[in-house]
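One structure is given below, encoded as structure tokens.
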Amino acid sequence: MSSDVGNSRGNFIQDIINADVAAGLNGGRVHTRFPPEPNGWLHIGHAVAICLNHGLAVANCGKFNLRFDDTNPLKEEQEFVNAIIADVKWLGADWEDRLFFASDYFALKYNFAVDLIKNGLAYVDDLSAEEIRDRRGTLTEPGQDSPFRNRTIAENLDLFARMKQGEFADGTRVLRAKIDMGSPNINMRDPVLYRIRHAHHHRTGNEWCIYPMYDYSHPIGDALEGITHSICTLEYADHRPLYDWVVHNIGPCSPQPGRPKQIEFGRVGVSHTVMSKRKLRRLVDEGFVDGWDDPRMPTIAGMRRRGYTPSSLRTFADKCGVGRKNMTAELALLEHCIREELNAEATRVMAVLRPLKLTLQNYPADQVEWLTIENNPENPFAGTRQVPFSRELCIEQEDFMEVPTKKFHRLSPGGEVRLKGAYIIKCVEIIKDAATGEVSELICTYDPETKSGGAASSRKVKGTSHWVSAAHAEPIEVRLYDTLFGCENPEAVILGAEFTQNINPHSLVTLSESVVEPYVNQVAPGERMQFLRQGYFILDPLASGGGRRVFNRIVGLKDSFIKGQ
RNA sequence: GGGGGAUUGGUCUAACGGUAGGACGACUGACUCUGGAUCAGUUUGUAGAGGUUCGAAUCCUUUAUCCCCUGCCA
């Protein structure tokens with residue numbers, strides 16, 4: 001994975017790693033992990049976290065694990081496990097043979113909990129959830145000890161074993177850490193370690209009816225796997241003392257030397273979209289998009305379908321950097337990353353999205369020339385291709401203006417334009433639809449002396465238009481995607497308003513009359529290319545098939561003409 | 001007088017007591033058989049106030065603002 005992340009400077013986590021390695025901590029090892037809960041789809045923010053963790057491991061000759069945090073059987077499903085595995089793999093973060101589940105360690109975690117009890121560090125509490133809440137205190141007031149806090153070790157051991165045996169109903173008892181109900185940090189006020197849940201787990205089935213809580217489970221998973229740097233988001237900073245408490249009190253438990261440490265970083269968001277699972281779910285459930293992998297969604301699956309490459313996402317993650325504050329990157333940065341990559345690699349193809357018929361009066365009716373056009377001016381090694389040219393052509397409707405504005409460089413009555421890779425033409429007549437009055441066809445003449453690459457081809461005209469030979473035009477469907485939301489921060493709404501009110505009604509424009517040169521016949525599903533002057537497109541493998549070809553616009557080209565209007 | 005975190009141009013990020021730099025965006029111009037790309041240039045910043053120091057984005061004090069925390073969620 002390409003990455004600046006691992007450079008010895010420029011990122012506070014790498015600084016910490018450098019210091020740890022220099023101090024000989026963990027035997028000099030670096031081992032990170034990505035710990036998703038399989039209860040939803042991954043989004044661009046997760047992608048950044050994956051790249052961070054994996055990039056740090058690679059940059060420091062370390063290892064990277066994928067571990068599912070599946071400690072809550074009520075919310076987690078195998079379907080999400082599969083989707084997340086596919087996403088992480090696609091991104092290029094390689095966990096090799098280290099795919100783990102928090103549930104892999106349920107038995108070990110149980111044994112550690114028994115040890116905690118034996119050491120007087122945990123107790124079974126009979127209080128209800130509500131009673132526990134009432135005694136937890138508030139942000140400004142300390143909590144009160146539970147009346148069950150000082151049970152004997154023997155009684156705790158017995159009760160905890162019976163919790164495991166399934167003797168008690170959900171919610172009737174929990175195992176709590178015995179720390180400090182007076183702590184100013186609420187997480188340290190005797191946090192719940194285990195709760196009773198008679199529920200089916202996607203991996204352990206009905207083997208367990210007690211399940212560990214995140215704060216207890218996560219540090220143990222890290223310790224067992226020999227994780228050295230447990231990177232998580234900012235909101236867990238308050239949990240770090242508890243993380244350290246668990247790691248300290250279970251003692252070293254990995255065959256490898258060292259103990260994990262938690263490091264928090266600011267999550268990354270992107271402008272013009274929403275990121276919370278709840279909001280993304282609403283977009284799907286309420287039909288604003290076609291599903292979790294809709295190309296307008298900021299999910300990894302959506303972006304993959306949209307046409308983003310894994311490397312463009314990795315570049316984006318690198319350019320975002322890492323800090324200790326939550327940030328929102330501009331969508332423009334993301335778009336820059338994919339444009340930069342595709343500009344260097346994508347084959348240029350001529351597609352006419354909204355066709356306007358154009359006839360060359362003085363061009364032989366039965367003649368077809370196969371013109372040679374470069375595949376990518378950025379890359380001479382990309383070679384050339386043959387494109388058919390004939391009397392009847394299609395050009396872009398927007399490349400003709402009956403009454404041209406001052407800065408318009410393309411066809412207008414009596415005006416000239418260069419047809420890309422072909423001839424300079426002149427518009428001599430406009431044919432309008434009798435009913436609508438709209439321009440339906442242009443009659444032009446071509447100048448045979450101006451053939452591209454020819455001896456007299458050096459004459460200059462103001463503009464160049466792309467085109468497709470009508471007789472050779474291949475029909476395609478084009479989906480022009482724009483931002484799902486019209487504003488930078490869709491969540492910023494006045495009180496009582498919904499973020500969905502900021503949805504951009506034009507986020508998807510479908511064109512079914514578009515045409516493209518015959519090159520399309522050799523394009524494989526999933527292949528990306530540039531439609532000259534329009535943007536970068538991908539042949540959508542999911543939407544295409546059965547003779548139907550659907551192209552998604554990944555991102556448009558920058559256009560200083562539109563901006564100047 | 002609860003705890004934790006943060007504050008560098010429009011956005012992100014670097015500078016670790018020694019010239020505030022980079023990226024993206026924006027704007028100019030050049031060039032162009034893609035109004036793309038490329039090239040050249042311009043623009044905007046250390047939240048405020050004190051202090052320490054020869055010298056402060058950096059250390060200290062203080063103010064302000066923003067984010068997170070009272071799940072048997074993660």
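As the structure is a prediction and not an experimental result, all values here were calculated from the model.
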Could you work out the separation of B:U42 and B:G9 based on their C1' atoms and round it to a whole Å?
14 Å
note: A:N375, atom CG; B:G36, atom P; distance rounded to Å ~ 21 Å
Determine the Euclidean distance between corresponding C1' atoms of B:A47 and B:U8; express it in Å to zero decimal places.
10 Å
Practice task
Kindly say whether, by distance alone, the side chain of A:R133 makes a donor-acceptor pair under 3.5 Å with the base of B:U70?
Solution key: no
Closest to the side chain of A:R324, out of B:A6, B:C73, B:A37, is B:A6
- Item | Whole-Å P distance, B:C39 and B:A20 | 28 Å
Q) Counting only side-chain N and O atoms of A:H336, is one of them less than 4.0 Å from OP1 or OP2 of B:C24? A) yes
Ranking B:G4, B:C72, B:C67 by distance to the side chain of A:N326, first place goes to B:C67
Check: So what does A:Y423 touch, heavy atoms closer than 4.0 Å: a base, only the sugar-phosphate, or nothing?
Finding: nothing
Winner on side-chain proximity to A:L557, out of B:U70, B:C24, B:G36, is B:G36
Judged by whether its glycosidic angle lies within 90° of 0, B:G71 is syn
Say you pick atom P in B:C60 and the same atom in B:G18; how far apart are they, in whole Å? 16 Å
Under 4.0 Å, heavy atoms only, any strand: does A:L127 hit a base, just the sugar-phosphate, or nothing?
base
By the 4.0 Å heavy-atom rule, please label A:G453 as base, sugar-phosphate, or nothing.
base
Side-chain contact check for A:K325: nearest option of B:U8, B:C73, B:C72 is B:U8
Angle between ring planes, A:Y211 versus A:F106, binned at 30° and 60°: parallel, tilted or perpendicular? perpendicular
Ranking B:A37, B:U70, B:C73 by distance to the side chain of A:R195, first place goes to B:C73
Exercise. Regarding A:T309 and A:E341, is there a side-chain donor-to-acceptor distance under 3.5 Å anywhere?
Worked result: yes
Does a salt bridge link A:R67 with A:D222, judged by any charged N lying under 4.0 Å from a carboxylate O?
yes
* Tell me what A:V192 touches on the nucleic acid: a base, only sugar-phosphate, or nothing, going by heavy atoms under 4.0 Å. => sugar-phosphate
>> Once you measure the plane-to-plane angle for A:W467 and A:F389, does it fall in the parallel (<30°), tilted (30-60°) or perpendicular (>60°) bin?
In response: perpendicular
Tell me what A:T71 touches on the nucleic acid: a base, only sugar-phosphate, or nothing, going by heavy atoms under 4.0 Å. sugar-phosphate
Is it the case that the base of B:G3 and the side chain of A:D238 share a donor-acceptor contact (distance under 3.5 Å, atom types as modelled)?
yes
Taking a pair to mean Watson-Crick or G-U wobble geometry with both distances below 3.5 Å, B:A74 pairs with none
For the side chain of A:Q530 and the base of B:U34, is some donor closer than 3.5 Å to an acceptor across the two? yes
Notebook entry, point to check: Which part of the nucleic acid does A:K75 contact within heavy-atom distance under 4.0 Å: base, sugar-phosphate only, or nothing?
Noted result: base
Legend entry - Donor-acceptor side-chain pairing of A:E225 and A:Y105 below 3.5 angstrom: yes
Whole-Å distance, A:R176 CZ to B:G71 P, equals 12 Å
- Message: Students often get this wrong, so: under 4.0 angstrom with heavy atoms, is A:T328 touching a base, only sugar-phosphate, or nothing?
- Response: sugar-phosphate
Using the ring of each side chain (for Trp, its six-membered ring), is A:Y236 parallel, tilted or perpendicular to A:Y214, with breaks at 30° and 60°?
tilted
The Watson-Crick or G-U wobble partner of B:A40, with both key distances under 3.5 Å, is B:U28
Check your understanding: Rounding to the closest angstrom, what is the interatomic distance between B:A26 and B:G45 at atom C1'?
Key -> 16 Å
*Pick the C1' atom in B:U11 and in B:U43, then give their distance to the nearest Å.*
15 Å
- request: Would you state whether a donor and an acceptor, one from the side chain of A:D170 and one from the base of B:C72, lie under 3.5 Å apart?
  value: no
When both distances are under 3.5 Å in a Watson-Crick or G-U wobble arrangement, the nucleotide paired with B:C54 is B:G18
Open item on the list: Roughly how many Å apart are B:A14 and B:U58, using the C1' atom of each and rounding to a whole number?
Closed with: 13 Å
Paired to B:G9 by Watson-Crick or G-U wobble criteria (both distances under 3.5 Å) is none
Discussion item. Quick one about A:E130 and A:S128 (side-chain donor to acceptor, distance below 3.5 Å, no hydrogens or angles considered), yes or no?
Written reply: no
B:A49 -> Watson-Crick or G-U wobble partner, both distances under 3.5 Å, gives B:U61
Rounded to whole Å, CZ of A:R281 lies from P of B:A74 at a distance of 17 Å
Tell me what A:M213 touches on the nucleic acid: a base, only sugar-phosphate, or nothing, going by heavy atoms under 4.0 Å.
sugar-phosphate
A:E369 and A:Y363 side chains, donor-acceptor separation under 3.5 Å: yes
With distance as the sole criterion, is a donor-acceptor pair present between the side chains of A:E264 and A:T233 under 3.5 Å? no
Check your understanding: How is A:H218 classified with respect to the nucleic acid when contacts are heavy atoms under 4.0 Å: base, sugar-phosphate, or nothing?
Key -> nothing
To the nearest angstrom, the CG-C1' distance between A:L234 and B:A74 comes to 16 Å
Would you mind classifying the nucleic acid contact of A:Y236 as base, sugar-phosphate or nothing, using non-hydrogen atoms under 4.0 angstrom? base
_Classify A:N343 by what it touches in the nucleic acid, base, sugar-phosphate, or nothing, heavy-atom distance under 4.0 Å._
base
Checklist entry - If you look at every strand shown and take non-hydrogen atoms under 4.0 Å, does A:I424 touch a base, only sugar-phosphate, or nothing? => result nothing
Review point. Under 4.0 angstrom, heavy atoms only, what part of the nucleic acid is A:L333 near: base, sugar-phosphate, or nothing?
Key: sugar-phosphate
note: A:F265, atom CZ; B:U13, atom P; distance rounded to Å ~ 12 Å
Of the listed B:G2, B:A26, B:U8, the closest approach to the A:K558 side chain comes from B:A26
Open item on the list: Check this for me: does the side-chain of A:E378 come within 3.5 Å of the base of B:G36 through a donor and an acceptor?
Closed with: yes
Taking for A:R136 and for A:H409 the nucleotide of RNA chain B with the nearest heavy atom, the one nearer the 5' end belongs to A:H409
Closest of B:C72, B:C24, B:A6 to the A:A129 side chain is B:C72
A:N187 has its side chain closest, among B:A23, B:C69, B:C73, to B:C69
The nucleotide from B:U34, B:A23, B:C73 with an atom nearest the side chain of A:K319 is B:A23
Contacts of A:E330 and A:P377 projected onto RNA chain B by closest heavy atom; the upstream (5') one is A:E330
- Query: If the P atom of B:A6 is compared with that of B:U44, how far apart are they to the nearest Å?
  - Reply: 30 Å
From CD1 of A:I13 across to P of B:U13 the rounded distance in Å is 12 Å
Indicate whether any N or O donor in one side chain lies under 3.5 Å from an N or O acceptor in the other, for A:Q78 and A:H202.
yes
Of B:C24, B:C73, B:U34, the nucleotide closest to the side chain of A:E37 is B:C73
